[in-house]
2 protein chains.
Amino acid sequence: MYSIGDVAKMMNISTSALRFYDRQGLLPFVERNQAGRRTFKPNDLNFIEVIDCLKKSGVPVKNIASFIQLCMAGDGTLKERYDYLDHQEAVLTDKIQAMQAQLDFLRYKKWYYKTAVEAGTEAVHFLPQTHAVDPETKAQYQRARQNATDLHQLIDLPNQSTSQDQPD
Amino acid sequence: MYSIGDVAKMMNISTSALRFYDRQGLLPFVERNQAGRRTFKPNDLNFIEVIDCLKKSGVPVKNIASFIQLCMAGDGTLKERYDYLDHQEAVLTDKIQAMQAQLDFLRYKKWYYKTAVEAGTEAVHFLPQTHAVDPETKAQYQRARQNATDLHQLIDLPNQSTSQDQPD
DNA sequence: GCTTGACTTAAACCTGTGTTCAAGTCCTAA
DNA sequence: TTAGGACTTGAACACAGGTTTAAGTCAAGC
């Protein structure tokens, strides 16, 4: 049996977050001792692992609560629980693909600035006499990328490792 | 020149979100006409594309504003802008890897419920006489996965396509 | 000239996801 | 037996990221 503090440390979730999840109906399986304190069973960690996974996948708490409700309802909901996870799998793979698309764009912009840094001015990308980026710029990158054997050679600036810390 | 409504449609961002971004300092480059209305230049869409990419990558608005500030400051900040994007690239690849780890876990749970559905009861995964999951269960899945030639055969239940709509 | 639709602002509002606070309970160890 | 630390609750607070509302401006078409 674990206390809320034990679980917080083990799962790397704050106690206030765990209490919040409990209030939102995510932890109906957690029992209490005589003093009213939560006592987590080893098997409860399996539930919390699922909750944590769904949270990290971007599923809202209310939505997770509905899955936990299915879990509490017994074998009659097994197929529903499977379908829920199957759906979340699809949502997550879509999300990963979307992130990958953002990554591709970020890399184009890295190339854009690498090129500009090397030229000493962003003007290398501008239409003559303007401050507007040449619409051909991206196509130019895509051609360069097709011919490139090494993406990093194309987009990475040699790292002189005077790494300033960068806030996020 | 485009109105805020034009840009909203083209970029698939609500006008209220665009005004919010402007208030937060993300659109300092947008000019106004005599009537005080925002007039977006074609080149402004390049900025909005970057903003949208960073937003979709999970970068907070305040943080994006600092990048836009660099953009407005001229060629002296080119290397800083490159470093910013380089950092965001690293953050995003980490994020994608984390998502992939959640996906792996979701797939284990799909297998768990597929197996349970086929058995008609979740008890196939429990330690005898208990409602606690056998700690060996996950290792059992991982072995099955190593031997599996097709992940989907392992974790997907034959789809009888009575697809209930699933809320997200 | 008047209506309509798209724009403007400031301010209020809303949701999700927690965190913090105040007041109290419980257990342990000195 | 008293001090400390970990727990309990409800309520208030915080913060991001918008959305909505109210009141007004502007240009176009009828």
Side-chain angles (χ1 to χ4, degrees), chain A residues 1-41 44-45 48 50-68 88 91 95 98 102 167-168, chain B residues 1-41 44-45 48 50-68 88 91 95 98 102 167-168:
Chain A
M1 292 301 188
Y2 309 113
S3 72
I4 195 171
D6 296 339
V7 174
K9 275 171 213 155
M10 282 187 291
M11 306 302 285
N12 204 27
I13 303 173
S14 69
T15 59
S16 59
L18 285 169
R19 290 199 191 95
F20 171 72
Y21 296 158
D22 197 3
R23 243 179 298 144
Q24 302 302 308
L26 265 61
L27 311 179
F29 46 83
V30 175
E31 295 175 2
R32 305 290 184 120
N33 65 14
Q34 303 75 354
R37 301 189 173 183
R38 293 172 185 85
T39 60
F40 293 74
K41 298 175 291 302
D44 292 351
L45 301 184
I48 295 178
V50 173
I51 289 169
D52 198 40
C53 169
L54 292 170
K55 279 219 51 59
K56 287 176 174 162
S57 303
V59 182
V61 165
K62 275 185 190 173
N63 187 317
I64 299 174
S66 71
F67 176 73
I68 298 293
Q88 295 304 343
V91 169
K95 205 169 283 191
Q102 306 316 316
D168 189 11
Chain B
M1 294 299 186
Y2 309 111
S3 72
I4 195 171
D6 295 339
V7 173
K9 274 172 212 152
M10 281 187 290
M11 306 301 287
N12 204 29
I13 304 176
S14 69
T15 59
S16 59
L18 285 169
R19 290 197 190 96
F20 171 73
Y21 296 158
D22 198 2
R23 246 180 295 145
Q24 302 302 306
L26 267 60
L27 312 178
F29 45 83
V30 175
E31 295 174 1
R32 305 288 185 123
N33 67 12
Q34 303 74 354
R37 300 191 175 183
R38 294 173 186 84
T39 60
F40 292 74
K41 298 174 292 302
D44 294 350
L45 301 184
I48 295 177
V50 173
I51 290 168
D52 198 39
C53 169
L54 291 171
K55 277 219 53 56
K56 286 176 175 162
S57 303
V59 182
V61 165
K62 276 185 191 174
N63 186 315
I64 299 174
S66 70
F67 176 74
I68 297 294
Q88 295 303 342
V91 170
K95 204 170 284 191
Q102 305 317 315
D168 191 9

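Protein chains get the first letters and strands the later ones, always in sequence-line order, with residue 1 at the start of each.
Here D:dA16 is the nucleotide among C:dT8, D:dA16, C:dT17 with the atom lying nearest to any side-chain atom of B:K62. Nearest to the side chain of A:R23, among D:dG17, D:dT8, C:dT19, sits C:dT19.
Shown for residues 10-22 of chain B: residues whose heavy atoms fall under 4.0 angstrom of DNA chain D, namely B:S14, B:S16, B:A17, B:F20, B:Y21. Within residues 26-35 of chain B, the residues having any heavy atom under 4.0 Å from DNA chain D are, by residue number, B:A35.
Put simply, B:K55 has a side-chain N or O that comes within less than 4.0 Å of OP1 or OP2 on D:dG18. Note on B:R38: a side-chain N or O is less than 4.0 Å away from OP1 or OP2 of C:dT8. For the OP1/OP2 pair of D:dA6 and a distance below 4.0 Å, the side-chain nitrogens and oxygens of A:S3 include no atom meeting the criterion.
Panel note: side chain A:K55, backbone A:I64; no donor-acceptor pair is recorded below 3.5 Å. Side-chain atoms of B:D22 do not come within 3.5 Å of backbone N or O of B:R19 as any donor-acceptor pair.
By the 4.5 Å heavy-atom criterion applied to side chains, A:Q88 and A:F67 are not counted as neighbours. Side-chain contact between B:K41 and B:M1 is present, with heavy atoms from C-beta onward closer than 4.5 Å. Counting only heavy atoms from C-beta outward, the side chains of B:R32 and B:R37 never approach each other to under 4.5 Å. You'll find the side chain of B:L27 reaches within 4.5 Å of the side chain of B:I48, heavy atoms only.
With rounding to whole Å, A:I4 atom CD1 is found 11 Å from D:dA6 atom C1'. If you measure from atom CD1 of A:I64 to atom P of C:dG16, you get 13 Å, rounded to the nearest angstrom. Here the P atom of nucleotide D:dC7 and the CE atom of A:M1 are 16 Å apart, to the nearest Å. Residue B:Y2 contributes atom OH, which lies 19 Å from atom C1' of C:dC7 at whole-angstrom precision.
Across all their heavy atoms, A:V30 and A:D44 have their closest contact at CA-OD2, 4.2 Å. The heavy-atom pair separating B:I13 from B:L18 by the smallest distance is CG2-CG, 4.0 Å.
Annotation: of the two residues near DNA chain D, A:R37 and B:V61, the 5′-most nearest-nucleotide partner is A:R37.
Under the side-chain hydrogen bond (donor to acceptor under 3.5 Å, both in side chains) criterion, B:K56 pairs with B:D52, sequence neighbours left out.
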